[in-house]
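First comes the structure, then the notes that go with it.
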Amino acid sequence: MKMKKYVLDLEVVSNEVLSNIHALIKLRATDPLPEMYPGQFVEVRVEDSPSTFLRRPISVNFVDHRKNQLWLLIAAIGEGTRHLIRLRAGDRLNCLLPLGNGFTLPESPGVKMLLVGGGVGVAPLLYMGSEIKKKGGEPVFLLGARSKEGLLEMDLFKQFGRVYITTEDGSVGEKGFVTQHTVLNEERFDRIATCGPKPMMMSVARYAERAGIECEASLENNMACGIGACLCCVEKTIDGNIRVCQEGPVLNTRKLLWLH
Ligand code: FES
């Protein structure tokens, strides 16, 4: 999908600490934000960080159209993202958006969607769930983390649908991995959308394949330019190499070599 891209200087409205490495940044635009789809991403410019030359790709976590706000969920895992979680209200963040292709939204409210996320990979699923609910659907979330502290935005997810949880240490929800949750044996879903660590998405893709369910995954390959020029995000697929920032980041898992 070709969409016009914008470079916007957005104002930080708030930067909320969610855990020792996670933060939720809410950004406000002066003019109405352009249309963005769940699964698309933003390349943000990190100012005042001499070691961070390139923009950083961050998933769209939520778009609050009423307040004209864009939300980004940040995991501080490198110099650039550590800088981002220190931003304060009133600071500005330069964003290139919207980038990439998002998840396929269900064509009717009757399509039963399961949204499976792990760690900070839950980010695009909040916006996806809100868009499904807006169109009358009832998304089901299956969210996993190592432990309770890694579960992010749980109250927000609950506003949009049923939420099932797994933690590896059993501190909340069922103990184990998302693909071991009992809801997968008890309910039938029409489609799955997933985002999170690669081993988790691969196991979700294998589950979907066994169950005969269409599945899309949002890949988190390393990215630099975000606009198809540097080739650092290449992924092998059954149709040859693709650039995840252009043809993805959301891809049907049957196209990937994960199942082969
Ligand atoms: Fe540069 Fe994809 S990030 S080509």
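Atoms within each ligand, like the ligands themselves, are counted from 1 in listed order.
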Cation-pi check, Lys112 onto Phe189 ring (under 6.0 Å, within 45° of axis)
yes
Find all atoms of ligand 1 within a distance of less than 4.0 Å from any non-hydrogen atom belonging to [X], and give their numbers and elements.
{"X": "Gly226", "value": "1 (Fe), 3 (S)"}
{"X": "Gly228", "value": "4 (S)"}
{"X": "Leu231", "value": "1 (Fe), 4 (S)"}

Part of Ala224 within contact of ligand 1 (heavy atoms, under 4.0 Å):
backbone
Under the side-chain hydrogen bond (donor to acceptor under 3.5 Å, both in side chains) criterion, do Glu235 and Asn221 qualify, and how do the steps go?
CA-CA 8 Å; Glu235 175 81 19; Asn221 294 23; 2.9 Å; yes
Look at the rings of Tyr127 and His65 and say which category their plane angle falls in: under 30° parallel, 30 to 60° tilted, over 60° perpendicular.
tilted
How are the rings of Phe62 and Trp71 set to each other: parallel, tilted or perpendicular (split at 30° and 60°)?
tilted
So, applying salt bridge (charged side-chain N to carboxylate O under 4.0 Å, His left out) with Glu11, which one of Arg88, Lys26, Arg28 is it?
Arg28
Around Arg188, counting heavy atoms of other residues, nucleotides and ligands shown, do more than 12 lie under 6.0 Å from its CZ?
yes
Could you tell me whether any N, O or S atom belonging to Cys230 is less than 2.8 Å from atom 1 (Fe) of ligand 1?
yes
Answer yes or no for Cys232: is there an N/O/S atom below the 2.8 Å cut-off from atom 2 (Fe) of ligand 1?
no
Examine Cys245 and say whether one of its N/O/S atoms is closer to atom 2 (Fe) of ligand 1 than 2.8 Å.
yes
